[in-house]
Amino acid sequence: MAGLPLFSILNEDGSCEEAYRGLLTDEEVRQALDAMILNRILDRRLLMLQRQGRLAFWMTSRGEEATILGSAASLLPDDPIFLSYRELGCLLWRRIPLPLIFNQLIGNSRDLCLGRQMPVHYCYKEWAIPSVSSPVGTQLPHACGFGYAAKMRGTGQVALAFCGEGTASEGDFHTALNFAGVFATPTIFVIRNNGYAISTPESSQTAAESLAIRAEGYGMPGFQVDGNDLLAVAKVLGEAVARARSGGGPTLVEAMTYRMGPHSTADDPSAYRSDDEAAEWNRLDPYERLKSHGIWRGVWSEEEEATTRATWDERVVSTLAECERHPPPRIESLFEGVLETVSPQLEAQRDAYLAAHRRRQQDEFEVP
Amino acid sequence: MAETGSLNMIQALGNALDHYLERDETAVVLGEDVGGFGGVFRVTAGLQEKYGSDRVFDTPLAEAGIVGMAIGMGLGGLRPIVEIQFADFIFPAFDQIVNELAKYRYRSGGQYAPRVMIRTPYGGGIRGGHYHSQSPEAYFAHTPGLRVVVPSGPYEAKGLLLGALECADPVIFLEPKRIYRAAKGEIPLDYYTLPLERAQLVRKGEDITLVAWGAMLHTCQEAVALAEGEGYDVELIDLQSIVPYDLHTLVRSVTKTGRMVVVHEAPMTCGFGAELVAAVQAEAFDHLRAPLLRITGFDTPFPYSLEDHYLPSAERILRGLVETIEY
């Protein structure tokens, strides 16, 4: 298959060169496997929930977990990650509590963002996850600006931004990389090249041999990496992070991976790609490859996998049920936080609406 | 007594930025040509020399990049002050402004609220044709999450700019470039702020309320003088803050005069005058003695050769005032 991995570390049997063993600690390998298992349970269950009409929307990330988790694993906890939208794994790597994730998806009263954005538009400041927006690529210049701020304030932080290969066609991609190059900001851009922007294949996005080669035009190093090999991702990202933190500026990484599932719950990939293609990528499944590695290293086993899966299965079901019981946000919250204080115009709209709402409620309870 | 100086609007704005950069070490000025050159209108002249090129710097030529980067800087704890060279060039950054900057506080449930100020020269009367003359206030006024502020003279420019810089909200600060170098004003050289969202009662009058902002305020002042010659007593209000706007001052005035004319340079349809007319009639309907009138630019792109016909003139405003009073 064209464009397949250039830089890999994991052999088919899960082994690797001794020099690469130290890229991740035993505990990190276990943490990544644990997160991958949870990621897949969520993918399956939330897709189901959407089909049942209990969730507005879901975006799967099966097949791309190594790119996502390998990137997250290369950062420190207060390095901001500017998500595209498909990077649930980053939330899991940073151990954001499950209820906080479900509360966002449901948009209930306990959602930190007060139910203001549709599912997967995460934002968790405490875990250095800025807010996700739907128009793609807008977060890339933000990561450049955050990097500038980190550099100027001497915080030592590195900003990482994800995008898909489709997003690399956006103007914001170009300006962000150009600015990051000019200002040598500690920013890392990771393209998850998963083959398709909804239904549009990679070949319709660019005539270039790769996206990574664009890096040269922006005056930064660029790498293509096997995005289904967590160790390879960790290696490339680890070097990029070290370079950024020591003042070496930005890096562009193109991770070659594959979106095993649909783009979102509104998509049907059977309409635009063959089963054979997916089957071929299945052989490179990032979980299976890391699992073999874990077993080869002696830090993982079939039993451990079974226990982990059962534990998460149970916790996901019970946590979801609990989160579904929380009511929607207060109606008043609709009017708050547009500006720091409520404007007189909005205040008038709020008061009129709430008064009418209360009258309606009273009418409902009145005995005729 | 505090020291004062005779400054035009450009000098007043530069003086305000100087004060703010001095006061807030997280403040950073960025844009095209703002560094060594001091901006095409020279508002930022001398600032890079004084505060260094980390804090006052030129960017690559890309408005979306400038605003997008500023948002990230805000998320990272800086206080970016952006200059967009002309308001007409702000549209490449429109998505970053209306979809990102304006919504960040709301969509994050208040977890993040990047404080980004965007200054930009706007408006006609300088023979600049379409692309150096537009008045885009209504586009931004229509987007929840932004403040839109327009000063009308050096004193207002400095006080409102510092007021806006102290404010936690994103601000689109539209500078009426036609009057950048017009008459100087005697203004305090010390730090002072003017409150946002308050209209300024420029002149009291009994017969009619006239509302404008930016350079149009000065054309209105000419019209007021002409009207006075014809025996009409006009109350003149400088709106200053487009969003949020001071409806209270307008309603109080119209309750007294029973009549209102709104003047702006932007096209009439969906211009900000439409909002003011709708809001005032809803609040002061029982006091009205004539239909509320808008005198504005036309629903055409801003013209070059015929801009004097396009822009509301003192004569056109006078005619509107007289027609409304004699209705």
Side-chain angles (χ1 to χ4, degrees), chain A residues 80 82 111-117 121 123-126 129-135 137-153 155 157 159 161 171-172 174-176 178-183 185 187 329 333 336-348, chain B residues 25-26 28 30 54-55 57-80 92-93 95-96 99-100 102-116 144-147 167-170 197 243-248 275 279 282-283:
Chain A
F82 289 82
D111 171 17
L112 297 182
C113 300
L114 307 170
R116 287 167 178 170
Q117 288 230 74
H121 289 59
C123 179
Y124 302 97
K125 189 177 186 187
E126 198 182 329
I129 306 283
S131 172
V132 172
S133 86
S134 295
T138 56
Q139 74 283 6
L140 303 174
H142 303 173
C144 163
F146 195 105
Y148 188 94
K151 187 171 150 180
M152 195 178 133
R153 296 176 62 221
T155 65
Q157 287 161 293
D172 275 336
H174 162 66
T175 47
N178 193 40
F179 275 54
V182 166
F183 297 112
T185 62
T187 309
S333 73
E336 296 160 0
V338 178
L339 297 175
E340 190 184 33
T341 53
V342 182
S343 76
Q345 282 72 40
L346 186 54
E347 204 170 49
Chain B
E25 64 178 20
T26 69
V28 172
L30 67 155
D54 280 352
R55 293 186 64 196
F57 62 89
D58 294 330
T59 63
L61 205 159
E63 289 77 10
I66 297 169
V67 175
M69 180 174 174
I71 293 170
M73 291 162 77
L75 296 172
L78 295 180
R79 203 300 176 233
D95 178 54
Q96 284 289 348
N99 264 333
E100 302 297 315
K103 294 179 171 67
Y104 225 108
R105 176 194 289 276
Y106 195 76
R107 79 188 196 199
S108 69
Q111 294 180 79
Y112 290 97
R115 297 174 68 213
V116 177
L146 298 173
R147 284 178 180 269
C167 158
D169 303 318
E197 51 189 287
V243 182
Y245 61 95
D246 182 357
L247 181 59
H248 179 70
E275 167 61 30
E283 292 292 316

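Labels below follow one simple rule: chain letters A, B, ... track the order of the sequence lines, proteins then strands, and each chain is numbered from 1.
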**Report entry** Smallest separation among heavy atoms of B:Leu75 and A:Phe146, with atom names
**Finding:** O-CE1, 3.4 Å
Report task. Evaluate the side-chain contact (heavy atoms from CB on, under 4.5 Å) criterion for residues B:Lys103 and A:Arg116: first the C-alpha distance (whole Å), next the side-chain angles of each, then the deciding distance (0.1 Å), finally the verdict. Result -> CA-CA 10 Å; B:Lys103 294 179 171 67; A:Arg116 287 167 178 170; over 6 Å; no
Query - Under 4.5 Å from a heavy atom of chain A, the part of B:Ala62 involved - result: both
Report summary line: In terms of heavy-atom pairs under 4.5 Å with chain B, the winner among A:Leu140, A:Val132, A:Leu114 is A:Val132
Query raised in the report: When heavy-atom pairs shorter than 4.5 Å are enumerated against chain B, which of A:Thr185, A:Leu112, A:Leu346 gives the highest number?
Result: A:Leu112
Query raised in the report: With a 4.5 angstrom heavy-atom cut-off, which part of A:Thr155 approaches chain B: side chain, backbone, both or neither?
Result: neither
**Report entry** Heavy-atom contact with chain A under 4.5 Å, split by part of B:Val28
**Finding:** side chain
**Report entry** CZ on A:Phe179 to CG on B:Leu30, rounded to 0.5 Å
**Finding:** 8.0 Å
Query raised in the report: Non-hydrogen atoms of chain A under 4.5 Å away: do they reach the side chain of B:Tyr245, the backbone, both or neither?
Result: both
**Report entry** A:Ser133 vs B:Glu100 side-chain heavy atoms within contact, under 4.5 Å
**Finding:** yes
**Report entry** Option in A:Ala180, A:Ser134, A:Pro141, A:Cys144 with maximal non-hydrogen atom pairs under 4.5 Å from chain B
**Finding:** A:Pro141
Requested in this report: Given side-chain contact (heavy atoms from CB on, under 4.5 Å), test B:Ser108 with A:Lys125 step by step and report yes or no.
Outcome: CA-CA 9 Å; B:Ser108 69; A:Lys125 189 177 186 187; over 6 Å; no
Report task. Could you go through the side-chain contact (heavy atoms from CB on, under 4.5 Å) check for B:Tyr104 and A:His142 one step at a time? Result -> CA-CA 12 Å; B:Tyr104 225 108; A:His142 303 173; 4.1 Å; yes
**Report entry** Closest contact, heavy atoms only, A:Ala149 versus B:Met73
**Finding:** CB-O, 3.8 Å
Report summary line: For A:Ser131 and B:Arg107 the tightest heavy-atom approach is OG-NE, 2.6 Å
Query raised in the report: Can you tell which of A:Thr175, A:Asn178, A:Thr138 has the highest number of heavy-atom pairs within less than 4.5 Å of chain B?
Result: A:Thr138
Query raised in the report: Is A:Arg153 reaching over with its side chain to a backbone N or O of B:Gly76, donor-acceptor style, under 3.5 angstrom?
Result: yes
Query raised in the report: What do you reckon, are the aromatic ring centroids of B:Tyr112 and A:Tyr124 less than 6.0 Å apart?
Result: no
**Report entry** Minimum-distance pair of heavy atoms, taken over all atoms of B:Ala64 and A:Asp172
**Finding:** CB-OD1, 4.0 Å
Report summary line: Heavy-atom nearest pair, A:Met152 first then B:Glu25, reads CE-O, 4.2 Å
Query - Sequence neighbours excluded - side-chain hydrogen bond (donor to acceptor under 3.5 Å, both in side chains) pairs with any residue from residues 336-345 of chain A - result: A:Arg330-A:Glu336
Query raised in the report: Taking all non-hydrogen atoms of both residues, which atom of A:Phe183 and which atom of B:Pro60 are closest, and how far apart?
Result: CE1-CD, 3.8 Å
Requested in this report: Report yes if the side chains of A:Tyr148 and B:Asp54 come closer than 4.5 Å at any heavy-atom pair, otherwise no.
Outcome: yes
Query raised in the report: With a 4.5 angstrom heavy-atom cut-off, which part of B:Asp95 approaches chain A: side chain, backbone, both or neither?
Result: side chain
